[in-house]
Amino acid sequence: MTQYDYDLFIVGAGSGGVRAANMAAAQGVRVAIAEERYLGGTCVNVGCVPKKLLVYAAQFSGEFESAAGFGWTMGKSTFNWPSLIANKNREIERLHAVYNNRLQKSGAEIIIGRAQVLDAHTVAVDGTEYSTERMLIATGGWPSVPDIPGKQHIVTSNQMFFLDQLPKRIIIVGGGYIAVEFASILHGLGVKTTICHRGPKLLRGFDEDIRDFLADELTRKGIDILFNTDIEAIESTGDCFAARLIDGSQVSTDLVMYATGRTPNSTGFGLEKLGVELDGDAAIKVNSDYQTNVPSIYALGDVTNRVNLTPVAIAEGMALVNKLYVNKSKPVDYDNIPTAVFCQPTIGTVGLTEAQAREKYPDIDIYKTSFTSMKNSLSGMDEKTLMKMIVVRSTDRVVGMHMVGSDAPEIIQGMAVAIRAGATKAVFDSTIGIHPTAAEEFVTLREPVS
């Protein structure tokens, strides 16, 4: 018999922690997983899943508007926010049950409560101590907001999923994917929406053409974007708020949401006292095997602040269990990870941006097209699609693909397989397109634009 209560104690039942727990327990490992809030972590509760449900809801307003061009006569439509949130909550509760059942079926023990790391092999949850051979910290991230006057009036994405009612007006501070996604959702639901961003462009780190194209499309839809500005203070004025900007002007609004980044959720668990190394952003520092400087303690997912995506955390959980308990080393490949932004229009992207490609290779060809989709030719909707392909001329290899438009994430998921397989431009050129689709444009791009 081992000297420990468990072989692996996981702190955090989000995507990475749950996958590691299920896989390890299925191998006969004695696993416990502690969670203080909700099974499924950010993704299931206040992230990917409820966000996508709200995205679907917001798209209906455009669909109703488009229907007339296709011969449909629509009556007056109304939207009920409490009904949407109640239905969303029921779906999340169903997923909680799914997570709970899977963990129990695998043999992992679920412990509800906030964990405190006492030493390299001991965890306490609500006063009960547990010993463990290894520990995995998978506590994700948490929204961060600046310390400004009126900070108490700010909401983050966490609260947006539980609002009692929709505001008539909202200011969303930030320029990342959470900001543009919520701006699209709320605008689609009829809220007068303003994005306030301290930078000159949205979506830092994305391809420049994508950034410029999206800003134009959001503006054309009626979303106000204030670039190169920020909020100095927020004041309550009775039934609304006044946001004072850095230029001294004021904007009245019913709600102020901050989407200014997420901080690794690493503090308050006792890690600092134990000497687990954190970087300047409070991310847990790990080696290539997700091991911290304390050999028995591991960490993965957003708390390590590397590639903060749900599928990446899941892949890391699988890689760790394979390494520790299956004697099979299958490290995660962080190159060419596809990603999506569920704004309107949606974004899908995989591989290098043009700037990254030009920095890495001396001979780059850019293929690009912008067009109005067939659907919008009758719908009357003023929304365009952008597609971009980046090719290394000397090898003919495709190293980046980017799209803004309807179904972009669905299309780019397939293109990601091609890029990971090393597809060349000649392979794309020899592939017969499915007509009529937007996706066929990627196999009919013939002349480079630069």
Side-chain angles (χ1 to χ4, degrees), residues 1-41 99-141 264-278 282-304 313-329 332:
M1 294 289 291
T2 177
Q3 59 180 310
Y4 302 110
D5 297 325
Y6 298 100
D7 302 314
L8 179 65
F9 195 106
I10 301 172
V11 181
S15 300
V18 167
R19 178 57 61 91
N22 283 329
M23 277 190 66
Q27 294 294 321
V29 178
R30 296 176 307 149
V31 179
I33 184 165
E35 174 56 53
E36 64 173 313
R37 291 188 184 88
Y38 26 54
L39 294 179
Y99 272 67
N100 184 76
N101 291 339
R102 286 179 180 171
L103 285 166
Q104 290 188 348
K105 187 176 180 180
S106 73
E109 182 179 348
I110 304 169
I111 301 173
I112 302 301
R114 183 173 179 84
Q116 289 291 314
V117 180
L118 303 183
D119 61 43
H121 295 282
T122 310
V123 183
V125 181
D126 291 340
T128 302
E129 294 186 10
Y130 306 91
S131 63
T132 181
E133 182 181 10
R134 294 187 177 100
M135 200 180 305
L136 172 61
I137 310 300
T139 47
N265 186 26
S266 62
T267 58
F269 296 97
L271 298 174
E272 309 96 315
K273 190 179 297 185
L274 189 58
V276 174
E277 288 187 22
L278 308 180
I284 298 176
K285 297 171 72 171
V286 294
N287 62 19
S288 58
D289 293 324
Y290 312 106
Q291 190 175 37
T292 72
N293 61 306
V294 179
S296 61
I297 299 180
Y298 297 77
L300 54 75
D302 290 11
V303 75
T304 63
I314 291 171
E316 290 176 343
M318 295 168 62
L320 178 63
V321 172
N322 279 327
K323 175 77 172 180
L324 294 179
Y325 302 112
V326 188
N327 198 26
K328 181 169 65 175
S329 182
V332 177

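One is the number of the first residue; the rest follow in order along the sequence.
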Looking only at non-hydrogen atoms, find the nearest pair between [X] and [Y] and report the distance.
X      : Y      : result
Asp302 : Gly141 : CB-N, 3.9 Å
Thr139 : Asn265 : OG1-O, 2.7 Å
Ala24  : Val31  : CB-CG2, 3.8 Å
Leu103 : Ala21  : CD2-CB, 3.8 Å
Ala25  : Ala108 : CB-N, 3.8 Å
Gly17  : Ile10  : O-CD1, 3.5 Å

Q: Could you grab the distance from atom CD of Gln3 to atom OG1 of Thr132, nearest 0.5 Å is fine?
A: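 Between Gln3 CD and Thr132 OG1, I get 10.5 Å after rounding to 0.5 Å.
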Q | Nearest-0.5 Å distance that lies between atom OG1 in Thr122 and atom CG in Leu274 | A |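 Answer rounded to 0.5 Å: 9.5 Å.
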Do [X] and [Y] make a side-chain contact, defined as non-hydrogen atoms from C-beta onward lying under 4.5 Å apart?
X      : Y      : answer
Glu277 : Thr292 : no
Val332 : Tyr290 : yes
Arg134 : Tyr325 : yes
Val326 : Gln27  : yes
Leu39  : Val18  : no

Q. Residues in ring pair (Phe, Tyr, Trp, His ring centres under 6.0 Å) with Tyr130, at least two apart?
A.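 Tyr130: ring pair (Phe, Tyr, Trp, His ring centres under 6.0 Å) contacts with Phe9.
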Q) With sequence neighbours excluded, what pairs up with Phe269 under the ring pair (Phe, Tyr, Trp, His ring centres under 6.0 Å) test? A)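 Result, ring pair (Phe, Tyr, Trp, His ring centres under 6.0 Å) vs Phe269: none returned.
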Q | Residues, nucleotides or ligands: over 12 heavy atoms within 6.0 Å of Asn327 CG | A |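 Count not over threshold, so no.
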Q. Is the backbone of Gly268 close enough, under 3.5 Å, to the side chain of Arg114 for a donor and an acceptor to pair up by distance?
A.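 Side chain of Arg114 to backbone of Gly268: a pair is present.
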Q: Taking Gln116 for its side chain and Ala124 for its backbone only, find out whether a donor-acceptor pair lies under 3.5 Å.
A: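 Checking the backbone N and O of Ala124 against the side chain of Gln116, no donor-acceptor pair under 3.5 Å is found.
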Q | All pairs passing side chain to side chain donor-acceptor pair (under 3.5 Å) where residues 5-15 contributes a residue, at least two apart | A |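 Matches after skipping sequence neighbours: Asp5-Ser131, Tyr6-Glu109, Asp7-Arg30.
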**Q.** Those residues that, when tested against Ser266, pass side chain to side chain contact (heavy atoms under 4.5 Å, CB included) (two or more places apart)
**A.**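 Expected list: Leu278, Ala282, Ile284, Val303.
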Q | Pairing residues for Ala115 by the side chain to side chain contact (heavy atoms under 4.5 Å, CB included) criterion, not counting sequence neighbours | A |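 Residues passing side chain to side chain contact (heavy atoms under 4.5 Å, CB included) with Ala115: Val11, Ala34, Val123, Val125.
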**Q.** Given Gln291, His121, Met135, the one that forms side-chain contact (heavy atoms from CB on, under 4.5 Å) with Ile297
**A.**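 Looking at Gln291, His121, Met135, the match for Ile297 under the side-chain contact (heavy atoms from CB on, under 4.5 Å) is Met135.
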Q. Going by distance alone, is a donor N or O of one side chain under 3.5 Å from an acceptor N or O of the other, for Ser106 and Asn22?
A.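 On atom types as modelled, these side chains qualify, holding a pair under 3.5 Å.
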(Q) Would Asn293 and Val276 count as a side-chain contact (heavy atoms from CB on, under 4.5 Å) here? Give the steps. (A) CA-CA 6 Å; Asn293 61 306; Val276 174; 4.2 Å; yes
(Q) Among residues at least two apart in sequence or on other chains, which ones pass side-chain hydrogen bond (donor to acceptor under 3.5 Å, both in side chains) with Glu35? (A)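 Not a single residue meets the side-chain hydrogen bond (donor to acceptor under 3.5 Å, both in side chains) criterion with Glu35.
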